[in-house]
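Take a look at the structure set out below.
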Protein chains: 2
Amino acid sequence: MHLLCAKGLELFHNNGFYNTSLDDILKELSLSKGAFYHHFKSKEDFFVNIIQNFVVQKVYALLVEPLSTQENPLHVIVDSLENALEPSKSNEMAYGFMLNDFLTEFNKRNTEIHRYLKDILNVWEVNLISLLKKGKVDGYIARHVNCEGVATFIIASYLGMRSLMMDGTDAQLKYQYMQQLKQYFNMLTERESVI
Amino acid sequence: MHLLCAKGLELFHNNGFYNTSLDDILKELSLSKGAFYHHFKSKEDFFVNIIQNFVVQKVYALLVEPLSTQENPLHVIVDSLENALEPSKSNEMAYGFMLNDFLTEFNKRNTEIHRYLKDILNVWEVNLISLLKKGKVDGYIARHVNCEGVATFIIASYLGMRSLMMDGTDAQLKYQYMQQLKQYFNMLTERESVI
DNA sequence: ATTTAAACCGACTCCTTGGTCGGTTTTATT
DNA sequence: AATAAAACCGACCAAGGAGTCGGTTTAAAT
């Protein structure tokens, strides 16, 4: 059953939910329909289960845990995105950030799941925001900065990068993105010269 | 036949390519399978046709034409994105920017179409870049700016915003995004103080 | 008016896929 | 060993969707 979820996540992630049939998954594991429907009541139930048990945990581990650090929040964010955009061959990090692909897929087809996924994305958002606000207090981030706006900007740009990098490893693209992101972040930092 | 394409684009855009059956389209137009397959050799051929005749033209109209302006490129870009993120109720602009949704959909399912769509996106990119470079020459943009990087950043953030705003009109989100984009752009402008 | 081709119809086939179900094997408990 | 429960099998069903095809209507050309 754990195998089922793992393989399911793998195939769903690679080929998409609707483009992966149960038979595909079952064939690879040499399991039967009966085995599957003994554990899950539907394909969508199966998916939600996977998200719950794998993705959500990763998101928390990746996005809540870093909050506790005392470092510069902007550095923390840069590092996490750098990591998250790494080509995902057995990339632990990728699991936490695969939401985007599923979001688009479920957009109009299953609004319930779509909303559910978006809620998870919101976890990222609120944690980003509070991380940024903390950075303000700690003097890393300029006081005029709109933390909510910055969070939105980060999330949007990251999601877009995932779209652009879909097919494979475009190191150049990633490099350009990270470079601009750093410059943007640089703008947000508290500088003495401004005072 | 023109009706077919128009309705096809509408439904594909609303529900996705794979989530829209030919019957769905045909039913709305009271046409038959025969009529359809008289004009197109397959569903995918139909789609490519639509993209060719509708989307590509829009992209050119929206992204090549603005190049000729003498205004500040950054303002031009801001305006176009502002427009493009407007809720798409009969929004002409939206047609030019719907590529993102299809890109994700065709990602692993039809690499040929995916690549084709990405090529169109590249049109946007090269035009953005040359617009930015022109802005440099005209003194609107600082000389140290990496135009390719900026273009990537713009595209990524825009695509991400389309993902975030999928369900409907989140004016707040859009506002935050535009605000940050403007600040980011502000950083790129040539200022006397820097000299 | 006749011919010809384009446009169109709709029933049909084939295939995929999610889901069902009666029955069998495995595992654990006593 | 006996029993029960969980896990599992795989043939089967029903629905939906892409694509086919022989035939009919419409429109244009001569």
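No experiment lies behind these values; they were computed from the predicted model shown. All chains are named by letter (A, B, ...) in the order of the sequence lines, taking the proteins before the strands, and each is independently numbered beginning at 1.
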Within the structure provided, determine whether F185(A) and V78(A) are in side-chain contact (heavy-atom separation under 4.5 Å). yes

In whole angstrom, give the distance that lies between atom [atom1] of [X] and atom [atom2] of [N].
X	N	atom1	atom2	value
F40(B)	dA7(C)	CZ	P	11 Å
M1(A)	dA7(D)	CE	C1'	12 Å
L3(B)	dC8(C)	CG	C1'	14 Å
K27(A)	dC8(D)	NZ	C1'	19 Å
L29(B)	dC8(C)	CG	C1'	13 Å

Here's one to test your reading of the geometry: is the NZ or CZ of K182(A) within 45 degrees of the ring axis of Y177(A) and under 6.0 Å from its centre? no

Face-on cation placement of K43(B) at Y37(B) ring, 6.0 Å and 45° thresholds: no

Output the distance between atom CZ (F102(A)) and atom CZ (F47(A)), rounded to the nearest 0.5 Å. 4.5 Å

Residue H39(A), side-chain heavy atoms: nucleotide from dC9(C), dC9(D), dA7(D) that is nearest: dA7(D)

Decide if the gap between the ring center of H13(A) and the ring center of F54(A) is smaller than 6.0 angstrom. no

Does a nitrogen or oxygen in the side chain of H38(B) sit under 4.0 Å from OP1 or OP2 of dA7(C)? yes

Is R109(A) atom CZ crowded by more than 12 heavy atoms from other residues, nucleotides or ligands, each under 6.0 Å away? yes

Taking N or O atoms only and anything under 3.5 Å, show me the protein contacts with nucleotides 15-22 of chain D, one pair per line.
| unit_1 | atom_1 | unit_2 | atom_2 | d |
| --- | --- | --- | --- | --- |
| dA18(D) | OP1 | K43(B) | NZ | 2.6 |
| dA18(D) | OP2 | L22(B) | N | 2.9 |
| dA18(D) | N7 | K33(B) | NZ | 3.4 |
| dG19(D) | OP2 | Y37(B) | OH | 2.9 |
| dG19(D) | OP2 | K43(B) | N | 3.0 |
| dG19(D) | O5' | Y37(B) | OH | 3.4 |
| dG19(D) | N7 | K33(B) | NZ | 3.2 |
| dG19(D) | O6 | K33(B) | NZ | 2.9 |

